Amino acid sequence: TRVQQLLGSLSEFAGVGRHAILPEPVDMTAVFHQAAERLAERAAAASCEIRIGELASCFGDRELLRIVADHLLSNAVRFSGTAAKPVVEV
């Protein structure tokens with residue numbers, strides 16, 4: 001339900017403050033592909049296609065970047081509008 005999603009997001013956000021930042025090289029293409037896989041069911045229900053192009057690697061905290069990718073794609077699908085076949089491209 002929506003309340004469970006909000007509580008889960010709040011819990012995840014609260015945990016970020018306690019998370020020690022561990023910078024390392026991160027393959028952002030892989031991070032976004034994994035986020036898209038986690039969101040696949042919701043995207044399919046919205047008839048939304050997610051396309052991930054080749055992205056640069058970066059140096060950062062993998063877990064925090066995962067959270068960013070999850071939220072970006074989730075919001076993009078949620079607010080994709082009323083198009084018959086929305087496409088989210090990264």
Side-chain angles (χ1 to χ4, degrees):
T1 67
R2 179 74 177 136
V3 172
Q4 289 171 325
Q5 288 175 334
L6 286 172
L7 290 174
S9 291
L10 284 172
S11 175
E12 184 177 41
F13 182 71
V16 168
R18 289 174 284 183
H19 177 78
I21 294 177
L22 303 170
E24 63 181 308
V26 179
D27 178 352
M28 292 306 294
T29 302
V31 168
F32 272 89
H33 275 291
Q34 292 162 358
E37 288 172 16
R38 286 188 291 276
L39 193 62
E41 192 173 307
R42 191 180 320 162
S47 299
C48 184
E49 179 183 354
I50 299 175
R51 298 178 188 161
I52 309 297
E54 200 61 37
L55 303 171
S57 292
C58 70
F59 196 75
D61 185 284
R62 183 178 308 278
E63 180 62 15
L64 295 178
L65 291 167
R66 179 201 63 80
I67 292 169
V68 169
D70 284 349
H71 285 274
L72 283 172
L73 291 182
S74 178
N75 286 338
V77 169
R78 184 179 308 132
F79 300 110
S80 60
T82 57
K85 289 215 158 227
V87 176
V88 172
E89 291 185 84
V90 180

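Everything numeric in this text was worked out from a predicted model, so none of it was measured.
Once rounded to the nearest 0.5 Å, the distance linking CG of L65 with CZ of F32 reads 8.5 Å. For the atom pair T29 OG1 and I52 CD1, the distance stands at 8.5 Å (nearest 0.5 Å). Taking CD of Q34 as the start and CZ of R66 as the end, the distance is 9.5 Å to the nearest 0.5 Å. The line from CD1 of I50 to CD of E89 is 11.5 Å long, rounded to the nearest 0.5 Å. For the atom pair E54 CD and D27 CG, the distance stands at 7.5 Å (nearest 0.5 Å). Rounded to the nearest 0.5 Å, atoms CD (E37) and CG (L73) are 11.5 Å apart.
No more than 12 heavy atoms of other residues, nucleotides or ligands sit less than 6.0 Å from atom CD of E41.
Judged as a side-chain contact (heavy atoms from CB on, under 4.5 Å), and not counting sequence neighbours, the contacts of V68 are L72.
Under a hydrophobic clustering in which Ile, Leu, Val, Met, Phe, Trp and Tyr are joined whenever their side-chain heavy atoms come within less than 4.5 Å, directly or via other members, V77 and I67 fall into different clusters.
Minimum heavy-atom separation, P25 to R62: O-NH2, 3.2 Å. A pairwise comparison of heavy atoms in S47 and P86 identifies O-CD, 3.4 Å as the closest pair.
Between the S74 side chain and the H71 main chain, no donor and acceptor come within less than 3.5 Å of each other. Judged purely by atom type and a 3.5 angstrom limit, D61 uses its side chain to pair as donor or acceptor with the backbone of L22.
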